[in-house]
Number of protein chains: 2
Amino acid sequence: MQNQSPSNNTDPVSITLTDRLFDTLQRAIVEGEIAPGSKISEPELARQHGVSRGSLREAIGRLEARKLVERKPNIGARVVTLSYEQLIEIFQIREALEGMATRLAAQNMSDQEIEELQVLLEEHGQQIEEQQGQAYFQKQGDLDFHYRIVQGSKNHHLIGLLCDDLYHLLRMYRYQFGMRSKRSRQAYDEHHYLLNAIVARDPEMAELLMRQHIRSSRRNVEKMLLEK
Amino acid sequence: MQNQSPSNNTDPVSITLTDRLFDTLQRAIVEGEIAPGSKISEPELARQHGVSRGSLREAIGRLEARKLVERKPNIGARVVTLSYEQLIEIFQIREALEGMATRLAAQNMSDQEIEELQVLLEEHGQQIEEQQGQAYFQKQGDLDFHYRIVQGSKNHHLIGLLCDDLYHLLRMYRYQFGMRSKRSRQAYDEHHYLLNAIVARDPEMAELLMRQHIRSSRRNVEKMLLEK
DNA sequence: AACATATAAATTGTCGACATATTAGGCTCC
DNA sequence: GGAGCCTAATATGTCGACAATTTATATGTT
């Protein structure tokens, strides 16, 4: 679930101050500790974290590249405000990118990776039967599943795009809108079909099912937001 | 073709020093003035451009976010070295993203935008008949065509992903490998079919044709690289 | 009282310098 | 002659301060 383990350097923890700051701020923004739309004051944040403004600015720069903050010259940076339209945009991109990732995963995942994915899915199935109320683990499980498939594509650029950029934005939406999905059972079934296509090494079908899965998830989110 | 006109701020030119530096360095890297794989010395570059190291570092940070340079903590930044595998990765991502963009363009482009695209394509057709040798304008035309379709998707996040990130990397590959395509005629035909699907407002078909078009372009690139 | 203007405060952009880590070079020892 | 260590030099990471721009405050005029 963390982003630094697969992508970043070999060292155990991020060495440089800016790296740690970036991780900290990213988590704070994603989890809503720093309110969406709020202005980021460089002097204040620097003081709070006990670092220089220079280091902070580099961290903010990275956050901007990941679309978590928006910056205007000579005016300052604000945490992004999430809109319904932007959420749709994200889902469209996810559909395209994860569809391709799944296609590639059907070709490139090792037999062992596929087996592990099957085990993971079985665990999810048990969790759903045992504690149907606990939506948190379902969400976590859903992320795990998608995460592994993306890794299985073996396309490093694609992995970075999804895991380092898009997924954080998506988690931010989840925190902000407090999404508790009532369709964990359906999602589980869809994961099952999808995995079958991967086991059969059928890229075309795998991509198709993933795209349907994400569209279905999107429709669910749309419905939930309109209910409010 | 430029990236700053649609995406960036409202001011005529980039105001801040770091912005200009970033634009300059990006162009220099994309066009190969700074050799791929070469180390970026902060003191030297800062001196050459007459700026402080701080400003330069912010610019390098953005270049890193766009995958044009790779940075290792306490060691330094190097211009990316382009490999055959990475090129394939880029094409796979393009196929997914531009496929989706075309699907959306078929739904969201205005009638006027479509007409303008038809005019543009006609001009390309004439250029091909008149000066079949001039590969440069063909490439430029190809980029224009793709660029406009992406814009037509009206998905701002997707537009940024393709125009601000991927296309620069792609142009870098073109410069480095000196790609002169001998299939401008075929590409033109494919553009024609594709545009027809957009005119017919057929998203499914439009996406399909774009994906085929990009796959075809990829195969051509693969062939060219193997010939060397 | 409201609007415009001018001044003051605060914030962002930029710079130069210090601290720390890496690399290069030379010396010793085997 | 080569491998390994120690020292010097260079590069990166981090900081505090100045410059330029924006925002807030105060003043004056209609």
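Reminder, nothing fancy here: chain letters follow the sequence lines and each chain counts from 1.
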Would a line drawn from the ring center of B:His213 to the ring center of B:His191 be shorter than 6.0 Å? yes
Is a side-chain donor-acceptor pair under 3.5 Å present for B:Glu116 with B:Gln112? yes
Polar side chain donor-acceptor pair, A:Gln86 to B:His157, under 3.5 angstrom: no
Here the distance between atom P of D:dT23 and atom CD of A:Glu44, to the nearest Å, is 17 Å
Separation of atom CG in A:Leu56 from atom C1' in D:dG13, rounded to whole Å: 15 Å
Rounding to 10 degrees, work out the angle separating the end axes of the helix from C:dA1-D:dT30 to C:dC30-D:dG1 (five pairs an end). 0°
Less than 4.0 Å between a side-chain N and a carboxylate O, is that true for A:Glu42 and A:Arg71? yes
Are B:Glu98 and B:Arg103 within salt-bridge range, i.e. N to O under 4.0 Å? no
Sugar-phosphate means primed atoms, P, OP1 and OP2; the rest is base. With that split, encode nucleotides 12-17 of chain C 5' to 3' as B, S or - using protein heavy atoms under 4.0 Å. BBBB-B
Restricting to salt bridge (charged side-chain N to carboxylate O under 4.0 Å, His left out), what partner residues turn up for B:Glu70, sequence neighbours left out? none
Quick check with a 6.0 Å cut-off and a 45 degree axis cone: is B:Arg62 positioned over the face of B:Phe22's six-membered ring? yes
Tell me, yes or no, whether the heavy-atom count around B:Gln48 atom CD, taken from other residues, nucleotides or ligands under 6.0 Å, exceeds 12. yes
